[in-house]
Structures are given as C-alpha cells and as structure tokens.
Amino acid sequence: MSLSFWILDVASERRNRTPEVILWGISDGNERILVRDRSFSAHLYVVPHEGVSTESLISAVRGLSFNDIITNAEVVRKRYFGNPTEAIRFDINEPEDIEKLARAVDSLPQVKMVLEHDIRYAMQYMLERNVLPCGWVEADVEAMGHQGIRVDSAYSLLSKPRMAGRDDIPKLRQMALHAIYLSRRGTPNPDRDPIAIMSIATSDGDVKQLVMEGEDDSKLLSDFVELCGQKDPDVIYGFRSNRGLWQYLTRRANRSGISLSVGRGGEEPHMSVYGHVSVSGRANVDLFDIANEITDIKLETLEGLADYLGIRREDDWEAVEQQEVYSYWGSRRSDLMEFGRQASVCTLEIGKRFLEYLVELSRLTGIPLDHVMAASTGFRVEWYLMREAVSRGELIPPRIERPYTPYLGAIVLSPKPGLHDNIVSLDFKSMYPSLMIAYNISPDTLVRSDDVDVNEYNIAPEVGHMFRRSPPGFYKEALLKLIETRDALKAKISRSDIKEDERKILEARQMAMKLIANASYGYTGWIGARWYVREVAESTTAWGRASISKAIDACKRIGLELVYGDTDSLFVRNEPEKVELLLSFIRSELGLDIKIDTAYKRVLFTEAKKRYAGITEDGRLEVVGLEAVRGDYPNVARKAQRALLEIILRDPSNKKAALEFIRSLVERISSGSYPYKDFVIWKEISKGLEEYKVKAAHVEAAKRMMEEGWEINPGDKVGYVVVKGPGQLYDRSIPYFMTDKDHLDYEYYISSLVMPPLLRALEAAGISAQDIQRRKGSLFDFT
DNA sequence: CGCAGGCGGGG
DNA sequence: GTGTACGCCTGCG
C-alpha cells in the first residue's frame with residue numbers, strides 16, 4: 001500500500017540483529033505511526049592516496065578484522081572541496097562500529113582520508129534519502145504489528161521514501177510541563193527533595209495539576225506517566241527541561257522504583273546531542289533555548305520570555321522563585337498552585353507561538369524538530385550546508401582541530417560626538433552574504449597557487465586571496481538558493497490571496513532562511529566548522545572594509561555629511577537628493593544593494609563607538625549599546641538613562657529639565673523610593689569559579705550562593721546587590737535574596753552605576769561637566 | 001596610574 | 001563550541 005506521512009522524529013535501533021531506521025510520524029489520516037526502514041546501510045567513504053588503486057585499497061580494507069561487518073564496497077565519483085575525487089563507499093551492518101572501522105581504515109598507509117563516518121546513522125539516512133524532518137513523505141509500505149509501542153499503526157517500508165510536495169503541518173497534540181520542587185534550602189536535589197506540584201497544560205484545553213502526598217511524590221510521578229500516555233502528546237514543551245526537569249523527573253521516579261516510560265516506545269527520556277533530552281516518538285522542546293536566542297531578553301526566564309511576547313498580561317501572575325517555594329508550600333499553597341497552573345499554560349502558549357518557526361527551521365536545516373533549537377547557530381548552518389553538499393555530490397569534510405589564527409574584522413568609524421538633527425542610517429543589504437556571492441568567495445573557489453591568470457580570479461583587497469570567478473562555488477550556490485527562495489517567499493506572503501494558516505508557515509520559513517543566511521559569514525570564520533577556511537572569512541571582511549571605505553569616499557565627493565558608520569551601516573545627514581546619489585553610486589559601482597534603514601529626528605553620539613541613541617521620525621526612542629540596553633546594569637540605572645535620553649533628545653534646549661531630573665532621581669534613590677529588585681545586578685558565570693584570575697563581584701556572590709547550598713554552573717546568571725560596609729566591591733556583593741533593601745549601598749549605586757552613564761549622555765548633549773559641577777553640592781550631591 | 005580580566009553588547 | 005571590534009567597570013601591581 002502507499003502511505004503519506006509527516007516526519008515527527010527519526011531514530012534508529014537494532015531489531016533481530018538488523019539495524020533499522022525508525023521514522024515516527026503522523027499519517028495523512030491523522031494516525032500516529034511508526035515506519036521502519038531496514039534497507040539502509042550506515043556507510044563511510046575512503047579516499048585513497050594518489051597512485052593507489054581502488055581495487056588494492058578495497059582488498060586492504062577487506063583484510064582488516066572488520067570484514068564481517070562490511071556488506072558492500074563500491075567505487076564512487078564524488079567531489080571534495082570542488083575537486084573530482086574517486087572514493088570507495090563501504091556499507092556496513094553494524095552502525096555502532098563505524099568509528100572503530102574508520103580508525104582502522106585511516107591507519108592504512110594507502111588511505112588519504114576517511115569521510116562521513118562521524119555522521120550518525122539516522123542522519124546519514126536523512127541526508128542520503130533526501131528526506132526532511134517535519135516534511136511529508138510518500139512511500140510504499142506494509143503494515144506490521146506494533147505490540148508495546150504507542151502508535152495507531154506501524155509499517156515497514158517497501159520503497160524509498162519520496163518527499164511529497166506539500167508543506168502544511170498536521171494538527172499536533174502539544175503538552176507543556178511545569179514542576180515545582182520542594183527544597184528547604186538551595187538548589188533542589190532529586191536525591192533529597194520531592195516534586196511538590198506538577199502542572200500539565202495540553203492543547204486540548206485541559207490543565208491538570210498533580211500534587212505530592214505528604215512528602216511523597218511517587219503517585220504524582222506514576223500519575224504523570226499515565227497522563228502522558230493518555231494525552232499522548234506529539235510535542236512536549238518545558239522551560240529548562242533539558243537541563244533540569246527531565247533529569248529530575250527520571251531520578252525521582254527511579255528512586256521510587258517507577259520507570260518514567262513516557263516515550264512512545266515505552267522508553268525513559270535520555271540525553272542526546274546538543275545537550276538535548278530525547279523522548280522517543282515525541283518532540284521534546286525546551287523553550288529556554290528560544291529565550292536564550294532572543295537578544296532583547298536580558299534575563300532568560302519563562303516570565304521574561306512571556307513578557308517579551310506580550311503573553312503575560314500585566315500583573316497576571318507573579319513567578320514564585322525557587323528560594324520562596326518552601327515558605328509558599330507552608331503558608332500560601334494555593335498561590336503556589338496558581339503559579340504552577342499559570343506557568344504551564346504560559347509555556348504552552350509560548351510553544352504554540354513558535355511551533356511554525358521550529359518546524360520551518362527543522363525543515364530548512366534537516367535537524368529533527370526536537371533538537372533544532374538546542375543546536376547552536378554554527379551547527380544549524382552546517383546542517384544546511386551538509387544537505388547542499390550531498391545534493392551536489394560533495395563529500396562532507398570532517399571536523400579538524402586547528403590552531404586559532406585571528407584575522408581582521410570590520411571598520412568602525414568614530415562618531416561625531418554630540419546631537420545631530422535629521423539623520424538617516426543606511427544599511428548594506430546582507431553585506432557579507434552579498435560579497436560572498438559577488439566575489440564567489442568559497443572554500444572550493446579559493447586558489448592557493450599564484451601561478452594563475454589573474455583575470456580569471458577575484459583578488460581580495462589587503463589580504464590578496466584569490467577566488468575563481470566561475471563556476472559558482474559551494475557557498476555562492478547555497479546562499480543564492482537561500483536568498484532567492486526567501487525573496488520569492490516574501491513576494492508570495494505579500495499577496496492578498498494567501499490564507500492566514502499558510503501565511504504563518506511562509507513567514508516562519510522566510511525567518512528561518514534569514515537566520516541561516518545571516519549566520520553564514522560567522523560560520524565561515526568558525527574554527528570548528530567542517531568547511532572552515534580562514535581565507536574565506538578573512539577575504540569577506542576585507543571586501544567589506546573596501547566596500548564601506550568606497551562608500552565613505554563617495555559621501556565626501558557628494559558632500560554628504562557622515563556622522564558615523566559601522567561595518568555595513570552609514571549615518572548621514574538626511575538630504576534626500578544627496579542620499580539618492582550615494583545609494584545609486586553604491587548600487588552601480590559596488591555591486592551591492594543598500595537601503596535606508598531608519599530616519600531619525602535627532603541622534604546622540606558620545607565619544608564611544610557602537611553606542612548611540614536617537615528619536616526616530618515616527619517618535620520612537622532607540623537606544624543602541626548604551627547602558628540602558630545592557631543586561632548587566634541594574635534596572636535603576638537603565639531606566640534612569642533611558643528617561644534622561646528621552647528628555648535630552650526630545651528637547652535639547654531644556655537643560656534645566658535634564659538637571660532637575662537628575663537631582664530628583666538622586667534624591668529618590670537615596671531616600672529608598674525605588675523597589676529593591678531595581679538594584680539587582682545580573683551577570684553570567686562564564687566558567688568554573690576556580691578558573692577566575694581576579695576577584696569579581698559576581699563570582700564572589702556565586703560563591704556565597706554555593707555556601708548556602710546552591711549549585712552554580714557555567715552559563716548561570718547570578719543576581720546580586722551591593723551592600724554597605726567595609727572592603728572591596730567583591731566583599732559587598734550579596735545574592736539578592738540573601739539580604740534586603742536596608743543594606744543597599746545607595747552611594748555606590750549612584751556614583752558608579754547610575755551617574756556615569758547619565759553624565760556621558762549629558763556631556764554629549766553639550767551640558768558640560770562644569771554645568772553639573774556647579775550644581776553639585778548645592779542642588780544635589782551624588783558622590 | 002596603566003594594564004588586564006571580565007562581561008555583554010553591535011553589525 | 002558562528003565571527004571581530006568595542007566600551008566600561010573593577011582588580012591588581
């Protein structure tokens with residue numbers, strides 16, 4: 001029979017000694033299904049040294065003790081970094097032994113390289129069969145039994161799966177989890193502290209809450225496993241579920257002799273690639289990965305993400321922090337329950353909001369839905385490239401450890417400090433990808449010999465690297481495909497006859513494409529990249545510098561005042577005719593597109609690069625790089641700078657208003673009018689605490705948390721306040737929940753964190769240090 | 001006082 | 001475990 005189904009997840013297992021690929025899916029009849037494919041062999045490619053015959057190499061490999069796992073050897077014509085390459089493909093029937101085989105083969109003197117052994121069996125399948133996760137496929141299948149597996153039907157594949165030409169998303173059953181751990185002190189420990197409340201919201205509109213009995217959470221856990229089976233979700237959302245929730249649940253369950261068998265095959269959750277937890281047959285998605293990727297979110301919490309999305313309505317609900325749980329459990333249990341309920345509902349809502357995007361990112365990169373968000377940028381770009389490589393007959397290079405060699409980046413101009421009226425910012429459109437396309441910058445077009453006809457090559461300025469003009473290189477084609485498809489999508493989206501459901505999918509798809517295109521240059525300079533070639537990254541920035549330099553020269557020729565520029569942007573006086581001259585010069589002479597990005601009524605620059613603020617033509621305050629947008633300044637300082645910038649930019653002549661604002665601000669802070677939480681400073685612990693070379697405030701605060709039983713790991717953020725008392729700053733940095741408002745050192749906050757950013761803004765606005773000095777001591781005293 | 005460590009943001 | 005350029009606070013000698 002023929003079957004059409006959507007791929008939710010891919011896995012592999014060995015059944016009756018034969019390895020097989022498992023496709024978990026949803027059929028077009030909306031059944032949850034399992035499809036087994038035993039026709040695919042794990043494989044690797046072997047490239048012989050020059051002069052070694054493929055026959056002799058095959059017999060040498062056959063002579064190794066691994067011969068019994070090799071099922072086929074075949075000479076294939078491939079390319080490697082663009083060069084035609086003859087390789088031998090060895091198919092094997094023991095995917096688990098592929099690395100051992102690869103090492104043995106690699107040690108043969110005849111062997112130049114062993115390739116693609118480092119790609120997992122299931123992913124080799126997806127690449128080779130050209131099948132995408134979250135895509136619809138069609139295949140001939142035969143029904144088979146599915147005892148013990150929670151699906152409606154199971155099949156075995158009789159034909160190769162073919163991608164079907166449809167891009168809708170089946171109606172997925174979604175579930176959101178939230179757990180509250182009852183710890184008397186410090187980080188909850190699954191060997192000690194039970195799960196007090198579990199809240200489970202599902203896309204059928206249901207919210208279930210499970211509560212432990214006394215201090216016993218065993219029933220809660222077994223009920224959860226049962227509920228999971230009943231609701232049978234396709235997608236499970238959590239927040240911090242990869243690092244916390246799943247391990248905790250599993251550990252607690254196992255202590256009670258319960259198996260947390262929530263997978264569709266009855267399995268427990270298990271650690272998988274990219275720090276992701278896999279629940280078989282379902283897509284487990286940790287929304288923390290989403291929060292982490294949105295740079296506007298400074299503190300990556302569920303509430304932070306919800307607020308950013310406008311999902312948590314004002315004062316809807318307040319998060320109960322871990323250190324408060326114990327006392328809530330004692331005296332405010334219903335509030336705690338309500339928090340859990342709200343958190344699970346909110347988690348579900350956020351998950352739903354991002355589902356199309358996750359699906360499209362998964363389809364674009366080929367990374368399965370459950371870990372596409374866990375994979376970092378470099379790996380997403382790389383998976384996109386790996387798919388392109390396979391379709392071009394390119395062998396996939398291995399990861400190689402290399403020494404780090406720095407290279408030059410972009411040009412940043414020193415701004416003209418002060419206030420500037422009537423400014424526009426111009427942005428080169430996708431500068432780096434455009435340059436890579438325009439100059440055919442790619443690992444396979446780079447030529448290292450200098451004995452060539454220079455007319456056939458693009459030669460990078462300053463650095464002199466040479467790239468073949470034709471044929472188009474790997475990067476050029478991969479990027480063109482992305483950019484052209486995205487442009488077509490955007491055109492389609494703007495059409496009026498598109499239905500809302502389809503528009504959402506197309507919008508998500510073009511966003512995913514933008515993400516990969518924007519990350520492509522960074523990938524080329526990543527030392528861990530499979531296609532890393534330093535000259536490619538170095539040449540791209542060199543052409544970037546040349547391009548903006550020519551644009552700067554053009555400004556001078558045209559007589560257009562330039563106030564600032566960074567990498568691919570120029571801030572110029574808004575004189576439309578001159579701006580048009582500049583734009584057309586850039587388009588015709590530099591072969592790059594450029595657009596007007598933002599028109600400002602007024603912009604303020606200090607002496608510093610990468611920091612400015614402006615009021616746009618439509619009246620918005622935009623702050624870039626300044627303390628007001630930095631997550632490591634306390635709220636009080638950020639809000640103050642934003643407010644002052646607003647005053648200055650809206651009416652620069654009103655010096656009095658600015659100075660009066662500062663006077664009253666200082667007074668309000670000193671008198672304790674600001675809420676305590678506005679003084680909390682959040683900083684990331686970037687490495688093991690013992691690795692720090694100097695005593696830093698946030699590190700000492702972290703140590704104080706550890707003494708109180710809190711676990712601190714690299715990547716965690718520590719929130720601390722500075723209290724009055726003797727000693728260095730690091731002696732007085734206390735985790736915010738270990739002290740209170742009465743101890744705050746307001747003088748420190750004012751003189752070191754609040755005032756300096758304000759003074760820099762005032763200075764730039766022409767309100768001199770003397771103006772302030774004159775008032776200091778008389779009107780107000782801030783030191 | 002100058003330099004280094006550390007962090008987080010910009011394009 | 002995408003890149004480089006940059007500013008600012010603090011510790012340290």
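Numbers restart at 1 for each chain; the letters A, B, ... are given by sequence-line order, proteins then strands.
In this pair, A:Phe379 and A:Tyr274 present their aromatic rings tilted. The plane angle is within the 30 to 60° band. Ring-plane geometry between A:Tyr749 and A:Phe679 is classed as perpendicular, the angle between the planes exceeding 60 degrees on a 0 to 90 degree scale with a lower cut at 30.
To the nearest angstrom, P of B:dG10 lies 10 Å from OH of A:Tyr564. Atom pair A:Asp566:CG and C:dT4:P shows a separation of 15 Å (rounding to whole Å applied). At whole-Å resolution of the value, CG in A:Leu689 and P in B:dG6 are 12 Å apart. Remark: P of C:dG1 and CD of A:Glu401 are 17 Å apart, rounded to the nearest angstrom. Remark: P of C:dT4 and OH of A:Tyr432 are 11 Å apart, rounded to the nearest angstrom. Atom P of nucleotide C:dG1 and atom NE2 of A:His276 are separated by 16 Å, given to the nearest angstrom. Atom CD of A:Glu300 is separated from atom P of B:dG8 by 9 Å (rounded to the nearest Å). For the pair A:Trp383 CH2 and C:dG1 P, the computed distance is 18 Å after rounding to whole Å.
Looking at heavy-atom distances under 4.0 Å, A:Tyr612 makes contact with sugar-phosphate atoms alone, never a base. Residue A:Ser376 is classed as a sugar-phosphate contact, given heavy-atom separations below 4.0 Å to backbone atoms only. Using a 4.0 Å heavy-atom criterion, one finds that A:Gly528 contacts no nucleic acid atom at all. Here A:Val699 lies out of heavy-atom contact (under 4.0 Å) with every strand. Here A:Gly409 lies in heavy-atom contact (under 4.0 Å) with sugar-phosphate atoms only. Residue A:Thr524 is out of contact with every strand shown, counting any heavy-atom pair closer than 4.0 Å.
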| task | For each nucleotide in nucleotides 6-13 of chain C, reading 5' to 3', give B when a protein heavy atom comes within less than 4.0 Å of its base, S when such contact involves only the sugar-phosphate, and - otherwise. | result | SBSSSSS-

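Here the options are A:Glu382, A:Arg380, A:Arg530, the test is side-chain hydrogen bond (donor to acceptor under 3.5 Å, both in side chains), and the partner is A:Tyr523; only A:Glu382 passes.
Look at A:Ser686 and you'll find a side-chain N or O under 4.0 angstrom from OP1 or OP2 of B:dC7. Within the structure, a side-chain polar atom (N or O) of A:His698 is placed less than 4.0 Å from OP1 or OP2 of B:dC7.
A:Glu617 has no carboxylate O lying under 4.0 Å from a charged side-chain N of A:Arg602, or vice versa, which leaves the two without a salt bridge. The pair A:Glu300-A:Lys717 meets the salt-bridge criterion, with a side-chain N (NZ, NE, NH1 or NH2) lying under 4.0 Å from an Asp/Glu carboxylate O.
At distances below 3.5 Å, at least one donor-acceptor pair connects side-chain atoms of A:Ser442 with backbone N or O atoms of A:Tyr475.
The side chain of A:Tyr404 approaches C:dT4 more closely than any other nucleotide in the set C:dT4, B:dG8, B:dG10.
Residues A:Ile367 and A:Ala375 share a closest heavy-atom pair of CD1-CB, 4.0 Å.
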